[in-house]
Amino acid sequence: MNEPASPLAKRRVKISALGTYVPPRLLTNADLERMVDTSNEWIMERVGIRERHIVDKGVSTSDLAVEAAKKALAQRGIGPSDVDAIIVGTVTPDMLFPSTACLVQHKLGAQGIWGFDLSGACSAFVYAVQTGAQFVATGAHKRVLVIGADVMSSIIDYTDRATCVIFGDGAGAVILEPAQDDSVGLIDFIHEIEGSGGCFLYMPGGGSLHPSTHETVDRKMHYVHQDGQQVFKFAVRKQTEACLKLLERNGLKGSDIDAFIPHQANLRIINATAERLGLRPESVIVNIDRYGNTTAGTIPLAMGTAIEQGKLKKGSLVLMASVGAGFTVGAALLRWAY
Ligand code: UT7
């Protein structure tokens with residue numbers, strides 16, 4: 001296979017461990033049928049979700065992130081101070097500041113490390129992996145802990161049937177470190193942002209433009225607002241385009257992919273992309289039925305599902321793909337390392 005000189009060519013970087021976490025409480029379609037004018041049939045047919053996990057009051061994004069991080073660290077057999085930096089991808093930080101990364105560092109008891117949050121919405125995990133990989137590739141750091149975590153239930157209007165059926169809460173964490181063996185690790189990525197799409201998926205209140213007031217609360221400005229059809233069309237088009245470009249410039253075909261790990265926003269988006277890429281059906285990783293859309297959490301949670309299903313082995317060729325608010329677009333190729 002022809003793999004070109006990659007942007008990460010200085011030192012090959014691998015994912016050496018994965019940890020995932022979802023809160024125990026379930027919100028099923030039957031529960032939602034009692035809350036808004038919807039039906040299990042509509043949600044299954046239009047989105048593909050059966051149930052999602054939702055936090056109890058008082059549980060925050062950093063709590064989910066810490067649980068996922070602990071599992072990744074335990075799998076790798078290292079302590080929290082053995083990583084050099086923490087990057088947390090999230091749109092639902094515990095608060096605007098301090099960063100969720102600082103809260104996670106403190107809760108883990110990691111010492112002498114640094115970190116920051118990364119805002120990329122549903123592409124945040126893919127973006128955070130590439131960002132963290134740069135520190136490892138240059139030799140600046142030995143290990144970076146990358147977390148995608150969101151408590152979407154904290155910004156969802158549970159009287160709005162168009163959004164409340166879609167989202168869930170969850171987190172996943174990976175450890176990045178140098179690959180000893182060039183046959184595994186991150187290969188290439190194509191990321192893109194398109195700010196003209198910002199008006200189709202956003203939360204208007206609480207920032208510097210619309211600071212929190214009684215009025216912003218009354219006008220429901222602290223909730224997710226989405227033009228679903230616009231996002232859907234952009235997602236199918238751009239996710240496909242980024243993946244095709246990435247495959248082509250690496251001399252690959254869709255059928256070469258062992259595990260396609262897409263953002264889990266809508267089963268119809270996943271299936272449309274998979275068909276256009278010419279993927280083998282068994283390579284497409286889907287768990288939206290169990291978790292819904294957990295924003296930055298979906299891709300690491302789907303990595304967990306791929307492992308459960310025996311679809312990730314050492315050397316497996318993985319394609320990650322995402323589209324999210326912004327718009328943000330992400331596509332990344334790697335060979336699984338363990
Ligand atoms: O992760 C971030 C990126 N986000 C996405 O990728 C989301 C992309 N968009 C989507 O997944 C889909 O657009 C949705 C799932 C959000 C909506 O599905 P849709 O097939 O595009 O539905 P629609 O918005 O066109 O609405 C069709 C009908 C409408 O009724 P009328 O006007 O035809 O009478 C809606 O009011 O479905 C109605 N509807 C519902 N009905 C039952 C909307 N939500 C619901 C619901 N239950 N929960």
Side-chain angles (χ1 to χ4, degrees), residues 27-52 89-92 119-127 148-172 192-203 223-243 261-274 276 286-289 291-302 320-331:
L27 181 66
T28 65
N29 290 352
D31 295 329
L32 286 160
E33 281 176 351
R34 289 189 286 273
M35 294 160 65
V36 289
D37 179 15
T38 192
S39 65
N40 177 55
E41 293 68 36
W42 191 94
I43 303 170
M44 286 302 292
E45 198 179 296
R46 305 307 295 169
V47 206
I49 303 173
R50 189 177 305 281
E51 59 194 24
R52 53 308 274 138
T90 187
V91 287
T92 51
S119 176
C122 302
S123 301
F125 179 78
V126 184
Y127 287 10
D150 272 300
V151 173
M152 294 306 292
S153 61
S154 66
I155 55 168
I156 292 301
D157 176 1
Y158 282 97
T159 65
D160 174 15
R161 69 176 183 175
T163 50
C164 74
V165 303
I166 299 171
F167 293 96
D169 303 337
E192 192 179 333
I193 57 174
E194 179 43 71
S196 64
C199 54
F200 299 124
L201 179 51
Y202 64 116
M203 188 183 82
Y223 292 132
V224 170
H225 293 250
Q226 174 169 259
D227 181 334
Q229 289 194 0
Q230 292 291 340
V231 180
F232 189 101
K233 281 187 247 167
F234 183 87
V236 173
R237 181 167 63 81
K238 289 301 288 195
Q239 198 165 273
T240 305
E241 190 183 296
C243 288
I261 304 190
H263 171 51
Q264 312 277 315
N266 187 317
L267 184 58
R268 289 183 293 136
I269 295 178
I270 297 171
N271 288 341
T273 310
R276 289 167 195 213
V286 173
N287 65 10
I288 189 172
D289 52 321
Y291 303 123
N293 180 349
T294 58
T295 303
T298 59
I299 290 183
L301 281 169
M320 302 191 278
S322 61
V323 164
F327 291 121
T328 58
V329 184

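Just the heavy atoms: all of them, side chains too, but no hydrogens, waters or symmetry mates, feed the values below. Just follow the structure's listing: the first ligand is 1, and inside any ligand the first atom is 1.
One N or O on the side chain of Thr328 and one on the backbone of Gly120 form a donor-acceptor pair closer than 3.5 Å. In terms of modelled atom types and a separation under 3.5 Å, the side chain of Ser123 and the main chain of Val126 share no donor-acceptor contact. Checking side-chain atoms of Asn293 against main-chain N and O of Asn266 turns up no donor-acceptor pair under 3.5 Å. A donor-acceptor contact shorter than 3.5 Å links the side chain of Arg52 to the backbone of Val165. The main-chain N or O of Asn29 is never found under 3.5 Å from a side-chain atom of Asn40 such that the two would form a donor-acceptor pair. With hydrogens and angles ignored, the 3.5 Å screen pairs no side-chain donor or acceptor of Arg161 with any backbone N or O of Thr38.
The protein non-hydrogen atom at the shortest distance from atom 4 (N) of ligand 1 is Gln226 OE1, 3.2 Å. Looking only at protein heavy atoms, the nearest one to atom 36 (O) of ligand 1 is Arg161 NH2, 2.9 Å. Nearest protein heavy-atom neighbour of atom 2 (C) of ligand 1: Cys122 SG, 3.3 Å. Among all non-hydrogen protein atoms, the one lying nearest atom 19 (P) of ligand 1 is Arg268 NH2, 3.8 Å. Summary of contacts: the protein heavy atom closest to atom 12 (C) of ligand 1 is Asn266 ND2, 3.8 Å.
Counting heavy atoms only, Trp42 comes closest to atom 17 (C) of ligand 1 of the residues Trp42, Phe234, Phe232. Across the listed options Val231, Val224, Thr294, Val231 owns the non-hydrogen atom lying nearest to atom 3 (C) of ligand 1. Closest heavy-atom approach to atom 47 (N) of ligand 1 within the set Thr38, Leu267, Asn29: this belongs to Thr38.
Below 4.0 Å from some heavy atom of Leu201 lie the following atoms of ligand 1, by number and element: 2 (C), 3 (C). Within the listing of ligand 1, atoms 16 (C) sit less than 4.0 angstrom from a heavy atom of Ile166. Near Ala162, meaning under 4.0 Å from any of its heavy atoms, are these atoms of ligand 1: 44 (N). Within ligand 1, the atoms closer than 4.0 Å to a non-hydrogen atom of Arg46 are 20 (O), numbered from 1 in the order shown. Below 4.0 Å from some heavy atom of Ile269 lie the following atoms of ligand 1, by number and element: 6 (O), 8 (C). For ligand 1, the atoms closer than 4.0 angstrom to any heavy atom of Ala265 are 1 (O), 5 (C), 6 (O). Atom numbering of ligand 1 starts at 1 in the shown order; those under 4.0 Å from a heavy atom of Gln229 are 13 (O), 21 (O), 23 (P), 25 (O). For ligand 1, the atoms lying closer than 4.0 Å to a non-hydrogen atom of Val165 are 48 (N).
In terms of heavy-atom proximity, Thr92 sits nearest to Ala149 at OG1-O, 4.3 Å. Thr273 and Gln239 get closest at one heavy-atom pair: OG1-NE2, 3.3 Å.
More than 12 heavy atoms of other residues, nucleotides or ligands sit less than 6.0 Å from atom CZ of Arg237. Within a 6.0 Å radius of CD in Glu45, other residues, nucleotides and ligands contribute 12 heavy atoms or fewer.
Inside a 4.0 Å radius of atom 23 (P) of ligand 1 there is at least one protein heavy atom. Closer than 4.0 Å to atom 31 (P) of ligand 1 lies none of the heavy atoms of the protein. Per-atom contact check: atom 38 (C) of ligand 1 touches the protein, criterion being a heavy-atom distance below 4.0 Å. Protein heavy atoms all stay at least 4.0 Å away from atom 34 (O) of ligand 1.
Residues Phe167 and Thr295 are in side-chain contact: their nearest non-hydrogen atoms beyond the backbone lie under 4.5 Å apart.
Using modelled atom types, one finds a donor on one side chain and an acceptor on the other under 3.5 Å when comparing Asp150 with Thr90.
Some N or O of Gly228 is nearer than 3.5 Å to an N or O of ligand 1, by distance alone. Remark: ligand 1 and Asn293 share an N or O pair separated by less than 3.5 Å (distance only, no angle test).
Between Glu194 and Lys238, none of the side-chain N atoms (NZ, or NE/NH1/NH2) sits under 4.0 Å from a carboxylate O, so this pair counts as no salt bridge.
Residue-level proximity to ligand 1 for Thr163 is absent, since no heavy atom of it falls below 4.0 angstrom.
Residue contacts with ligand 1 do not include Thr295, since none of its heavy atoms lies under 4.0 Å from the ligand.
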